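Predicted, not measured: the structure shown is a model, and the values here were computed from it. Lettering of chains follows the sequences in order, A, B, ..., and the numbering in each one begins at 1.
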There are 2 protein chains.
Amino acid sequence: MRSRSEEDYLKAIYSLSIKGSSTSTNEIAKALTMKASSVTDMLKKLADKKWVNYIKYKGVTLTKEGKQIALQIIRKHRLWETFLVTNLNFKWDEVHDIAEQLEHIDSIELINRLDKHLGFPKFDPHGDPIPDKNGKIQDLRKSQPLSDLKKGDKGIIIGVVDGTSIFLRYLDNEGLNLGTEIYVEEIFDFDFSYKLKINNKFLTVSERVSKNLLIQF
Amino acid sequence: MRSRSEEDYLKAIYSLSIKGSSTSTNEIAKALTMKASSVTDMLKKLADKKWVNYIKYKGVTLTKEGKQIALQIIRKHRLWETFLVTNLNFKWDEVHDIAEQLEHIDSIELINRLDKHLGFPKFDPHGDPIPDKNGKIQDLRKSQPLSDLKKGDKGIIIGVVDGTSIFLRYLDNEGLNLGTEIYVEEIFDFDFSYKLKINNKFLTVSERVSKNLLIQF
DNA sequence: AAACTAATTTAGACTAGACTAAAAAAAAGT
DNA sequence: ACTTTTTTTTAGTCTAGTCTAAATTAGTTT
């Protein structure tokens, strides 16, 4: 059996390993708001259980089994988020903390039935892909941050980089929902803000926002 | 904040206090499959938090606050069981262990929305009443075990005393569902088994079963 | 009421998972 | 290549929640 703590570590290592396959003690500590020494301790335990490849001072990667576990936790997290938004009418900025708890509920049968109940969704409310029961993520869509677009480009909002509540509420407020089509009317060189055209209305967003919005291409 | 362990204790004390307002260290230990010494430790902690009235060697009762907490956990447990059966098509004998986990999810908003989503049910799949958001149980139905009925009596099955899987599966098998109307055709003195008439068919159940089936009166 | 038995508590030990402070290794700067 | 800084690990401590074994209290029997 796995403890909640172990699951949190595996998930964090998975997320941090996305770009560049190895991650470091300090990065994990930062992600979990813990001290580096605590992380070292846990990495040894996870290595004993063959869920990570860990070499002192050299960073850590997930084993095949560790990755599978991480993917199943992410699957649970995203399915529960979907449930909360589509069935219980939560807003997309309200669901993270609750899903953070629900993702640790231990029942494969439960999660598969939830998946079926929701109609086997492929994406969660934030546009993130949901792994299937085998841990496969089949996201054929390619995306880039809005900040990579040039004047005159257009695209559809399909996700966010940073899913914190404040940012999501801002997006709601400005009408920047998933699926919204945007057109880059202008980029202002002095602060790299973007003037967008959305449904024939204009809206200017900061550089910060442009880096957090994912656009399909 | 409350730990999972603390919640388990409060729930156990609540259940054991139903008949006779005080319960004992040993009873709690048995209910939670723990050692009496562990229970003593925890009772002190719960008393410090003012959730129980505890006097050494004299047994324990819940305070008003402790009782409210216990009722909220039971509310969560029963609402989740209802969700699992009515929305995810679990059988009534499959939901207990999962609900045992879900009952500890900490979000009042979540549980109130779940309640609404389910249409504010008053009873769970086992016929047990669901406390409302204020902890009120308004179960106006009176029930007695089948074993209290006499020859010629009739009534409706509205609950079970012991909700273990094996017993529930037996009931399913024999067609003894909640809401089923039964008529006591005969009681056999030699083993106190009950011959019932259900939808014009006859079925004999053991004394054990007769003590576990609750009949409305 | 003394003696026995059962229930309960105390005392001390263990584990998981966190921490702090100090030591060691790696990386970066000169 | 040597020194300094940063990162990581080690060593030792703490807390929550469990345990065993021994001691104490309560309840029961004679």
Side-chain angles (χ1 to χ4, degrees), chain A residues 1-17 19-62 66 69-70 73 100-101 103-104 106, chain B residues 1-17 19-62 66 69-70 73 100-101 103-104 106:
Chain A
M1 231 336 34
R2 301 183 300 257
S3 69
R4 168 157 190 172
S5 186
E6 288 169 338
E7 295 195 344
D8 286 338
Y9 275 91
L10 292 176
K11 200 176 65 146
I13 296 167
Y14 178 85
S15 307
L16 294 168
S17 304
K19 42 201 165 188
S21 59
S22 167
T23 188
S24 73
T25 304
N26 257 7
E27 280 186 314
I28 299 168
K30 197 177 163 196
L32 297 175
T33 52
M34 280 182 192
K35 299 299 173 181
S37 55
S38 311
V39 175
T40 301
D41 281 357
M42 183 56 93
L43 291 182
K44 289 177 190 168
K45 290 174 200 166
L46 296 177
D48 285 349
K49 298 195 174 184
K50 311 263 190 253
W51 293 337
V52 301
N53 306 112
Y54 169 57
I55 306 166
K56 265 195 198 178
Y57 296 107
K58 294 291 181 183
V60 63
T61 58
L62 293 174
I69 296 170
I73 299 164
E100 205 73 8
Q101 297 181 64
E103 73 189 7
H104 298 289
D106 178 34
Chain B
M1 233 328 45
R2 301 183 300 258
S3 69
R4 170 160 188 169
S5 187
E6 287 169 338
E7 295 195 346
D8 286 337
Y9 275 91
L10 292 175
K11 200 175 66 145
I13 296 167
Y14 178 86
S15 307
L16 294 168
S17 305
K19 40 199 164 186
S21 60
S22 168
T23 189
S24 73
T25 304
N26 258 8
E27 281 186 314
I28 300 167
K30 198 177 162 195
L32 297 175
T33 52
M34 278 181 191
K35 299 299 173 181
S37 56
S38 310
V39 175
T40 301
D41 281 355
M42 183 56 92
L43 290 181
K44 288 178 190 167
K45 288 176 200 164
L46 296 177
D48 285 348
K49 298 196 175 185
K50 310 262 189 255
W51 293 337
V52 301
N53 307 113
Y54 169 58
I55 306 165
K56 265 197 202 178
Y57 296 105
K58 295 288 180 186
V60 62
T61 58
L62 292 175
I69 295 170
I73 299 164
E100 205 73 8
Q101 297 181 63
E103 73 189 6
H104 299 289
D106 177 36

Picking from B:L16, B:I69, B:I73, what satisfies side chain to side chain contact (heavy atoms under 4.5 Å, CB included) with B:K11? B:I73
In B/S/- notation, 5' to 3', how is nucleotides 18-28 of chain C contacted by protein heavy atoms closer than 4.0 Å? SBBB---SS--
Is any side-chain nitrogen or oxygen of A:T40 closer than 4.0 Å to OP1 or OP2 of D:dT10? no
Please determine whether a side-chain nitrogen or oxygen atom of A:N26 lies at a distance below 4.0 Å from atom OP1 or OP2 of D:dT8. yes
Give me the atom names and distance for the closest heavy-atom approach of B:A70 to B:L62. CB-CD1, 4.2 Å
Could you tell me which residues satisfy side-chain hydrogen bond (donor to acceptor under 3.5 Å, both in side chains) with B:N53, sequence neighbours excluded, listed by chain and number? B:T61
I'd like to check the side-chain hydrogen bond (donor to acceptor under 3.5 Å, both in side chains) partners of B:Q101; sequence neighbours left out, ordered by chain and number. none
For atom [atom1] of [X] and atom [atom2] of [N], their distance in whole Å:
{"X": "B:R4", "N": "D:dG17", "atom1": "CZ", "atom2": "P", "result": "12 Å"}
{"X": "B:R2", "N": "D:dG17", "atom1": "CZ", "atom2": "C1'", "result": "18 Å"}
{"X": "B:K45", "N": "D:dA16", "atom1": "NZ", "atom2": "P", "result": "6 Å"}
{"X": "A:I55", "N": "D:dT9", "atom1": "CD1", "atom2": "P", "result": "11 Å"}
{"X": "B:D8", "N": "D:dG17", "atom1": "CG", "atom2": "P", "result": "11 Å"}
{"X": "A:L43", "N": "D:dT10", "atom1": "CG", "atom2": "P", "result": "11 Å"}
{"X": "A:K30", "N": "D:dT7", "atom1": "NZ", "atom2": "C1'", "result": "14 Å"}
{"X": "A:E27", "N": "D:dT8", "atom1": "CD", "atom2": "C1'", "result": "13 Å"}

Tell me whether B:R4 is salt-bridged to B:D8, with the criterion being a basic N under 4.0 Å from an acidic carboxylate O. yes
Between B:L32 and B:Y9, is the side chain to side chain contact (heavy atoms under 4.5 Å, CB included) condition met? List the steps. CA-CA 8 Å; B:L32 297 175; B:Y9 275 91; 3.6 Å; yes
